[in-house]
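All values reported here derive from a predicted model rather than from experimental measurement. Numbering of residues begins at 1 and proceeds along the displayed sequence. Values below: all heavy atoms of this structure, side chains included; hydrogens, waters and symmetry mates excluded.
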Amino acid sequence: MEPEMEDKTLELMVSTRVLFFVSSNISIYLFFLLRFSQPTFICPQVSNGPLTGSRKRPSEGNYEKEKDVCIQLFDQWSEADQVEFVEHLISRMCHYQHGHINSYLKPMLQRDFITALPAQGLDHIAENILSFLDARSLCSAELVCKEWQRVISEGMLWKKLIERMVRTDPLWKGLSERHQWEKYLFKNRTTEVPPNSYYRSLYPKIIQDIETIEANWRCGRHNLQRIQCRSENSKGVYCLQYDDEKIISGLRDNSIKIWDKQTLECLKILTGHTGSVLCLQYDERVIVTGSSDSTVRVWDVNSGEVLNTLIHHNEAVLHLRFCNGLMVTCSKDRSIAVWDMASPTDISLRRVLVGHRAAVNVVDFDDKYIVSASGDRTIKVWSTSTCEFVRTLNGHKRGIACLQYRDRLVVSGSSDNTIRLWDIECGACLRVLEGHEELVRCIRFDNKRIVSGAYDGKIKVWDLQAALDPRAPASTLCLRTLVEHSGRVFRLQFDEFQIISSSHDDTILIWDFLNVLTNGQTEGRSPSRTYTYISR
């Protein structure tokens with residue numbers, strides 16, 4: 001190798017080693033630089049006490065004098081000038097000084113407004129603020145101080161919380177009516193009401209009642225009452241509806257029987273149809289019934305007098321619904337009739353909907369859609385306002401016997417033994433429920449549950465929210481199967497506390513999940529009370 005080339009190679013090797021040494025030791029160099037030097041741009045540590053360290057000014061006599069002069073001048077300025085001056089001061093400080101100022105200001109900016117408001121004569125505002133708390137938060141607020149506890153007590157905030165729950169939750173409303181504590185609600189302070197402590201102790205009792213009811217539904221614990229409503233030529237109870245005072249049922253023997261819900265006695269029998277009463281609905285004024293004699297009759301709910309008879313369908317009227325001046329009926333003749341109800345005696349036909357290829361077994365509607373289901377295996381959706389066809393829901397393998405529609409959800413039962421959940425807006429099938437062994441004849445749902453009855457004599461309770469969750473396993477959807485009927489289940493209705501069902505076995509059963517006797521009772525079954533009516 002040439003000498004010149006050797007010198008350059010040696011120089012390159014030395015330079016490389018020096019660069020490696022510097023780069024590998026730069027962190028050590030920076031550590032010593034920061035540790036042992038005192039650059040002016042680095043602030044001392046922030047402490048929780050007064051200012052200390054190298055930045056503290058030595059105590060001098062003229063400092064105190066200058067400070068007093070500054071304070072005197074500061075006091076003479078307007079609030080706006082004072083704020084501007086302080087802003088200038090703060091802008092000239094470094095970060096750790098801002099931290100000290102923030103720690104000093106934070107407690108000064110905190111206000112116990114709940115305590116301060118009553119002192120200004122504004123108790124009602126403090127009460128209104130705390131009235132938005134839930135039960136857990138209200139318990140915590142009571143522990144803050146005596147003044148908060150006083151505001152909660154004198155403002156009757158536990159009473160207001162219970163009233164809010166009763167207004168918004170059907171379960172709370174039902175409990176208030178059944179347990180008679182509704183009489184202590186929605187009364188102003190001038191009337192005699194219990195003290196706040198009464199409502200404070202009532203709240204956990206209500207929660208316990210609700211938990212017990214939910215457990216009874218899950219475990220099938222119930223108290224059973226049975227109405228034997230057969231007569232000489234009766235073969236079944238096809239339809240029913242109930243409220244707190246009465247149950248109205250339609251029978252195969254062409255009659256409508258009205259029962260006292262408390263005593264289970266038959267109060268009245270309405271006759272006039274010449275065929276089985278297949279469907280009915282009532283409100284505070286009228287009972288409307290449909291029959292295999294092809295007619296729809298309107299009755300006075302109090303007197304039982306026939307007010308109107310509608311003759312339109314050519315075959316049996318299988319189902320009907322009415323609400324807000326509109327009635328929809330469907331028939332074995334494959335048609336759907338839409339009626340305007342100006343009054344019980346003034347009912348006129350608006351439109352006939354045709355499209356199903358078999359008997360139309362059931363209808364339901366709201367302000368947006370009319371929904372119908374047929375033996376042709378389809379569900380059809382129609383516009384309520386225009387009566388025009390919208391879409392068809394396909395999926396059931398055999399004829400559809402029942403459905404309910406609310407909001408976007410349609411739930412249907414079929415002779416393919418399944419229940420299907422549908423989104424009415426897009427027509428998609430959301431879930432298929434399997435478990436019944438024969439035709440699913442009746443179905444109802446609320447926000448929590450689906451309850452179905454079938455020709456296998458069984459009533460099944462399903463978890464609606466789980467059914468709407470595609471991740472929920474199919475095995476978890478059926479909560480309970482109730483077996484008491486000895487024949488086909490034709491119709492049922494339910495609320496938060498009970499199921500009432502009717503059957504081909506000529507009985508009406510009341511499944512009570514609220515008033516359950518726990519002593520000596522087998523889970524899922526309970527002693528029954530029976531009342532037998534024999535017509536004369």
Side-chain angles (χ1 to χ4, degrees), residues 46-51 67-68 70-72 74-91 93 95-169 172-173 175-176 181-211:
V46 177
S47 66
N48 293 328
L51 298 180
K67 182 180 73 171
D68 291 340
C70 287
I71 292 174
Q72 290 174 5
F74 187 83
D75 290 340
Q76 296 173 8
W77 298 337
S78 67
E79 290 185 0
D81 292 339
Q82 290 174 343
V83 170
E84 182 182 358
F85 179 73
V86 171
E87 288 176 350
H88 281 300
L89 284 180
I90 293 174
S91 68
M93 297 178 181
H95 184 70
Y96 89 96
Q97 291 172 311
H98 292 159
H100 275 281
I101 292 172
N102 182 59
S103 300
Y104 179 72
L105 288 176
K106 189 173 290 184
M108 297 177 66
L109 296 173
Q110 293 173 346
R111 289 289 185 273
D112 181 358
F113 54 88
I114 297 299
T115 300
L117 285 170
Q120 302 294 324
L122 301 174
D123 299 66
H124 62 287
I125 296 179
E127 293 171 8
N128 192 45
I129 293 169
L130 294 179
S131 69
F132 289 94
L133 297 179
D134 59 20
R136 184 182 297 273
S137 302
L138 200 56
C139 286
S140 300
E142 288 180 319
L143 302 176
V144 171
C145 63
K146 290 183 178 180
E147 182 61 20
W148 282 48
Q149 188 179 43
R150 183 195 67 79
V151 172
I152 292 170
S153 177
E154 294 184 3
M156 303 291 287
L157 297 192
W158 283 103
K159 173 176 177 286
K160 292 179 180 178
L161 174 60
I162 294 173
E163 289 173 344
R164 186 167 79 236
M165 297 302 297
V166 169
R167 280 194 299 265
T168 57
D169 192 315
W172 282 71
K173 180 175 175 58
L175 280 174
S176 72
W181 41 264
E182 64 171 344
K183 60 187 176 184
Y184 300 120
L185 303 177
F186 306 107
K187 299 181 185 296
N188 56 41
R189 299 187 187 185
T190 59
T191 59
E192 291 187 6
V193 295
N196 185 67
S197 58
Y198 167 79
Y199 302 97
R200 177 68 175 81
S201 60
L202 175 62
Y203 190 92
K205 294 177 183 176
I206 299 171
I207 296 300
Q208 181 60 51
D209 284 344
I210 291 172
E211 291 175 352

Nearest 0.5 Å, what's the OG-CD1 distance between Ser201 and Ile206?
9.5 Å

For atom CZ of Phe132, decide whether the heavy atoms of other residues, nucleotides or ligands shown that lie under 6.0 angstrom number more than 12.
no

Taking the side chain as everything from C-beta on, heavy atoms only, tell me whether Leu161 gets closer than 4.5 Å to Leu157.
no

For Arg150 and Glu147, the nearest pair of non-hydrogen atoms, with its separation, is NH2-OE2, 2.7 Å

If every non-hydrogen atom of Ile101 is compared with every non-hydrogen atom of Met93, which pair is closest and at what distance?
CD1-SD, 3.3 Å

Okay, side chain of Tyr184, backbone of Tyr199: is any donor-acceptor separation there less than 3.5 Å?
no

Answer yes or no: is there a side-chain heavy-atom contact under 4.5 Å between Gln149 and Val151?
no

Report yes if the side chains of Val193 and Met156 come closer than 4.5 Å at any heavy-atom pair, otherwise no.
yes

What are the two closest heavy atoms between Glu127 and Lys160, and how far apart are they?
OE1-NZ, 4.2 Å

Backbone N/O of Ser153 and side chain of Arg200: donor-acceptor pair under 3.5 Å
no

What I'd like to find out is whether the side chain of Ile129 reaches to under 4.5 Å of the side chain of Leu117, using heavy atoms alone.
yes

Atom of Phe186, atom of Lys159 and distance for their closest heavy-atom approach:
N-NZ, 4.0 Å

The reported gap from CG in Leu105 to NE2 in His98 (rounded to nearest 0.5 angstrom) is 11.5 Å

Roughly how far, to the nearest 0.5 Å, is the CG atom of Leu175 from the CD1 atom of Ile162?
11.5 Å

Rounded to the nearest 0.5 Å, how far apart are CZ of Phe113 and CD1 of Ile125?
11.5 Å

Could you pull out the closest heavy-atom pair between Asn128 and Ser131, with the gap in Å?
O-OG, 2.6 Å

Contact check, side chains of Gln82 and Val86, non-hydrogen atoms, under 4.5 Å
no

side-chain contact (heavy atoms from CB on, under 4.5 Å) between Leu143 and Ser140: does it pass, once the steps are laid out?
CA-CA 5 Å; Leu143 302 176; Ser140 300; 5.7 Å; no

Looking at CH2 of Trp172 and CD1 of Ile207, how far apart are the two atoms once the value is rounded to the nearest 0.5 Å?
4.0 Å

With the side chain counted from C-beta on, respond yes when His88 and Glu84 share a heavy-atom pair under 4.5 Å apart, and no when they do not.
yes

Taking the side chain as every heavy atom from C-beta outward, state whether Trp148 and Leu130 have any atom pair closer than 4.5 Å.
yes

Tyr203 atom OH: more than 12 heavy-atom contacts under 6.0 Å:
yes

Whether the side chain of Glu163 engages the backbone of Leu185 through a donor-acceptor N/O pair (distance < 3.5 Å, no angle test) should be reported.
no

Could you report the tightest heavy-atom contact between Thr115 and Pro118, atom names first, then the distance?
O-CD, 3.4 Å

Does the side chain of Trp181 come within less than 4.5 Å of Val166's, by heavy atoms?
yes

Out of curiosity, Asp209 CG to Glu211 CD, how far, rounded to the nearest 0.5 Å?
9.5 Å

